[in-house]
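Shown next, in structure tokens, is the structure this report addresses.
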Amino acid sequence: MKKYLALKASAGSGKTFALTVRYITLLLKGATPKEILTLTFTNKAANEMSERIYKTLLSLGEDEAYLNAIALESELSKEQILSKKSYLVNLFSNAALSIFTIDKFVNKILREFSGYAGINDDFEIKEDDVEKLSSKFLESLSLEEFDKLIDFSLFENKKYNSIFEVFKNMFEKAETIDVVNIDLSLIEIQKKEALQEALKIKEFILNCPNASNSAIKAVDYENFEELISKKWLEKDRAEEYSYFKKCSNELLEEFFSKTKEEVGNYYKLRSAFSLSRLFELYNLFKEYKRRYNSSKNYLHFDDISNICYELLSTKIDKEFLYFRLDSNFSHILIDEFQDTSLLQYKILKPLIEEILSSSEFKTFFYVGDTKQSIYRFRGGKRELFDYVLKTNPMVNVEVLNTNYRSCEQVVNYVNQAFNKLNSYEYHDQISVHKDGYVEVFEDEALLSEEKYENIAKKISELMQKGVNSNDIAILTYTNDDVLNLYSYLKKMFPSLKISTEMTSKLINQENVKAIINAIKYLYFQEGIYKENLNAIIGKAPESSFELNIDLKYRSVQESVLKIAQFLNVTDDNVMKFVELCSSYKNIVDFVYEIDELDASIENSEQVGLQILTIFKSKGLEFHTVLLLDRIKQKVANRDYLLFEYDNVNLKNIYYKIGGLDNYSIEYKEALKKEKALEFEDELNILYVAMTRAKKNMIIFKKKEKSVFDLLDLKIAALGEVIKSDNKTKNYEKSEKVIYKALDLGKQEKPIKVEEDNDNAYTLHAKYFGIATHFCLEMMNNFDEKSLHLAINLVKNRYSNYLDESDIANIKARVFQLIAHEEFLALTSNANYSKEQSLIYKGELKIIDLLVEKEGKYFIFDYKTTRDELQEHIEQVSHYEKAIKNILVNDEVYSFIIYLNEKGVKLKKV
DNA sequence: CAGTATGACATTTTT
DNA sequence: TGTCATACTG
């Protein structure tokens with residue numbers, strides 16, 4: 001095993017495999033889980049990582065590939081490894097793990113050293129309330145400071161809101177410059193001087209008998225601003241401007257070059273001035289934000305990394321940090337390294353350096369793929385990957401170029417598309433799976449009204465050819481495309497299940513929006529809200545809204561629910577909304593604060609055809625991928641500032657001004673560099689998109705202005721469509737929220753949803769149920785030891801949704817089950833399978849637990865609700881019938897297990 | 001027909 | 001605020 005290793009892992013080349021193998025090897029070499037710091041980017045990835053390691057340990061020996069790789073890495077024999085299996089399982093499942101997201105880790109450091117930063121260690125983590133923060137900041141300014149802000153705003157012609165937005169951007173970057181004071185009057189003088197020279201050009205042209213109308217129009221400036229809007233100023237010489245050509249002589253060229261010189265001086269002065277002023281204001285803001293945060297005792301994620309970095313670079317010694325951290329990390333594993341931001345790396349650096357310089361057994365490993373770096377816009381710095389290698393020669397590098405994900409046709413197609421680009425570092429991948437299907441389809445419909453016509457056609461064609469709709473994913477560039485495509489396909493195939501993985505705000509979801517507008521209408525009595533409502537729910541304009549409801553005498557929750565019912569718009573999102581409304585004390589708070597609610601929408605249906613953005617698809621794979629061209633044009637980068645880096649070191653910060661590139665070579669170079677990076681981003685997005693498909697990939701390309709022109713993709717159809725494998729799991733079990741009216745009691749009594757978790761079908765109850773099922777699914781045997789292991793997995797996976805007491809609750813319930821005599825009698829010495837899926841009469845069913853004992857079959861279905869509903873019995877007897885039919889066996893018995901806190905009830909059906 | 005002016009147009013997102 | 005389509009100019 002290489003102690004220090006950087007792994008370049010192309011898409012589908014077994015990155016998680018490598019991480020898992022390394023982790024287990026470290027355990028075999030005597031490391032404890034606590035000292036192996038494993039960093040990922042999302043909670044999802046962190047959960048998946050620990051689950052993957054656990055499952056691999058549990059099934060150690062079954063998968064040859066894993067065993068071989070671990071043997072190779074650890075230099076132990078397979079027998080030696082297998083003899084330690086139960087020890088490893090125990091070790092891993094009973095220890096505190098150090099598998100975190102980077103943000104969680106940074107947060108952890110800050111809390112441990114909060115005293116040195118002068119903050120409380122019990123701070124909350126929250127989003128900033130931008131409106132409040134920006135207005136409070138204004139109030140905090142002295143008259144003089146306030147004037148500076150106003151001057152800047154007027155001078156730059158920028159609104160306060162947009163300036164404030166820039167502050168946030170600067171905050172993220174955490175870079176500073178020395179502020180120099182430049183007097184505004186200097187700029188005014190420079191403007192006058194430039195205009196004076198330019199007026200000589202104007203006079204010259206107007207006096208030139210050959211001047212065309214266009215030439216005369218080109219000199220119609222009265223002031224400096226009009227002057228610099230002229231295109232001809234970009235030329236090097238006057239004669240290069242065709243409308244001036246006929247009048248060009250040496251005198252004109254002299255005026256021209258003099259004007260350009262003066263304008264150039266203006267630009268230089270101006271960019272330095274604006275940059276300084278902006279940073280001056282920003283520093284004020286930064287100071288204020290610190291005060292504001294500490295008074296409210298909360299921090300934003302950006303604050304956390306900012307303060308943490310400041311702490312490390314000024315107040316605490318690196319050695320001190322390392323030895324004071326509550327756990328000593330001897331091993332570091334970093335996933336998706338290409339997405340690490342500069343600031344995050346700077347924070348991790350002392351820990352990495354400590355490992356690299358230690359004489360003990362300490363290791364450092366990072367894995368990533370710069371081709372998949374698509375998050376530069378939020379700080380990801382792909383240059384870091386090679387920079388760390390270059391600056392630490394003891395770190396080895398290995399490249400994974402075998403693709404275990406996609407079929408031959410797909411791999412080859414991607415190879416030929418990317419390896420011909422000369423400005424792109426690409427190494428051909430080797431495929432291991434044969435066949436596959438690639439089609440590039442020039443879709444003229446994409447530019448017309450019926451945009452998605454051909455996509456719908458293709459979907460039905462694929463389904464006819466035997467591709468399961470659950471195996472299809474459609475990838476798009478924007479969330480907007482996801483939504484549009486979703487509603488189109490829903491219209492075309494009403495019974496098709498479609499899921500959209502999106503993160504949009506809950507308050508923007510149609511049904512929720514309808515409710516908000518209804519309430520605002522009832523409260524403010526302003527027609528605009530009623531018309532919004534009519535538009536959303538598809539009523540004719542001016543339709544009336546008649547609901548007799550007294551907002552004042554009901555709780556907010558109650559009103560929201562009543563209105564939802566009245567409008568008939570109750571769904572998962574509305575349910576979540578109802579829950580969140582409990583935080584509003586009264587209707588006044590609600591109408592004024594609801595627009596700031598930051599919660600995200602629920603992913604409605606988790607089964608079916610998937611539509612998602614390419615960004616979201618990163619790290620995922622699909623049987624069949626339909627890849628959509630960029631529908632709308634890309635927007636221009638509207639940042640005020642241009643950060644120029646030399647690899648990872650800040651070289652310069654520029655205040656962006658249109659036209660400055662004509663006068664400053666350095667600025668021009670910086671712009672060019674930025675453009676090259678943007679171009680690389682674009683290629684990376686394409687790379688990510690084209691490496692998601694396992695079997696079939698179909699590209700819908702616009703006839704003109706297609707992003708695929710970057711790769712010069714031609715119309716093609718290669719190979720044969722591969723059918724869905726019958727064994728593919730085409731149903732992801734999740735308990736759908738069954739909507740049931742909450743018992744609201746009488747009007748005078750405000751409702752409390754959280755009072756009775758057992759009966760209300762809240763989201764909390766939903767997660768509780770799923771987690772309980774997950775716990776039972778993860779148990780190898782129905783004994784205490786298995787429960788103990790499984791409950792740890794539940795903790796890792798559901799800690800975001802459930803708290804400690806919930807976990808304890810689940811444990812207690814399951815504990816009672818494994819102590820239940822009848823249940824134990826039925827399951828002991830029997831064969832059983834969990835989450836058994838079966839297809840019966842065209843419908844897919846999942847049985848929680850199926851037990852086979854002495855030729856008899858027992859079906860078990862877990863419920864975490866207290867209610868015993870007829871519906872449960874019907875569901876289970878349906879399973880019973882199906883099993884009897886399929887197995888041709890009459891000895892099938894079914895049970896519903898009600899897992900309650902007070903006791904377990906086994907109900908025979 | 002090449003060069004120029006003008007107006008319309010629009011992203012990605014975790015913690 | 002950069003890009004693109006389009007219309008205009010000489």
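So that the names make sense, note that chain A is the first sequence line, chain B the second, and so on, each numbered from 1.
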Looking at B:dT13, I'd like to know if its phosphate oxygens (OP1 or OP2) sit under 4.0 Å from a side-chain N or O belonging to A:Y477. no
Do the side-chain N or O atoms of A:K632 get closer than 4.0 angstrom to the phosphate oxygens (OP1, OP2) of B:dT11? yes
Residue whose nearest DNA chain B nucleotide is more 5′ - A:N637 or A:R378: A:N637
Between B:dA10 (P) and A:D481 (CG): distance, integer Å: 12 Å
Length of the CG-C1' vector between A:N684 and B:dT12, whole Å: 13 Å
In terms of ring plane angle, is the pair A:Y640 and A:Y655 parallel, tilted or perpendicular, where the classes change at 30° and 60°? perpendicular
Is A:K618 salt-bridged to A:E336, going by a charged N under 4.0 Å from an acidic O? yes
Taking only side-chain N and O atoms of A:N479, does any of them lie within less than 4.0 angstrom of OP1 or OP2 on B:dT13? yes
Provide, to the nearest angstrom, the distance between the NZ atom belonging to A:K231 and the C1' atom belonging to B:dA5. 9 Å
Whole angstrom value for the distance that separates C1' of B:dT4 from CH2 of A:W232: 15 Å
So, A:Y375 and B:dT12: ring centres less than 5.5 Å apart, planes less than 30° off, yes or no? no
B:dT11 to C:dC4 separation - P atoms, rounded to the nearest Å: 15 Å
Across the strands shown, which category fits A:K217 at heavy-atom distances under 4.0 angstrom: base, sugar-phosphate, nothing? sugar-phosphate
May I have all residue pairs that pass salt bridge (Lys or Arg N to Asp or Glu O under 4.0 Å) and include part of residues 674-691 of chain A, sequence neighbours excluded? A:R376-A:E674, A:R376-A:D681, A:R382-A:E680, A:R382-A:D681, A:R630-A:E682, A:K634-A:E682
Summary of protein contacts for nucleotides 4-10 of chain C, nucleotide by nucleotide, where a base hit scores B, a sugar-phosphate-only hit scores S (4.0 Å, heavy atoms): SS---SS
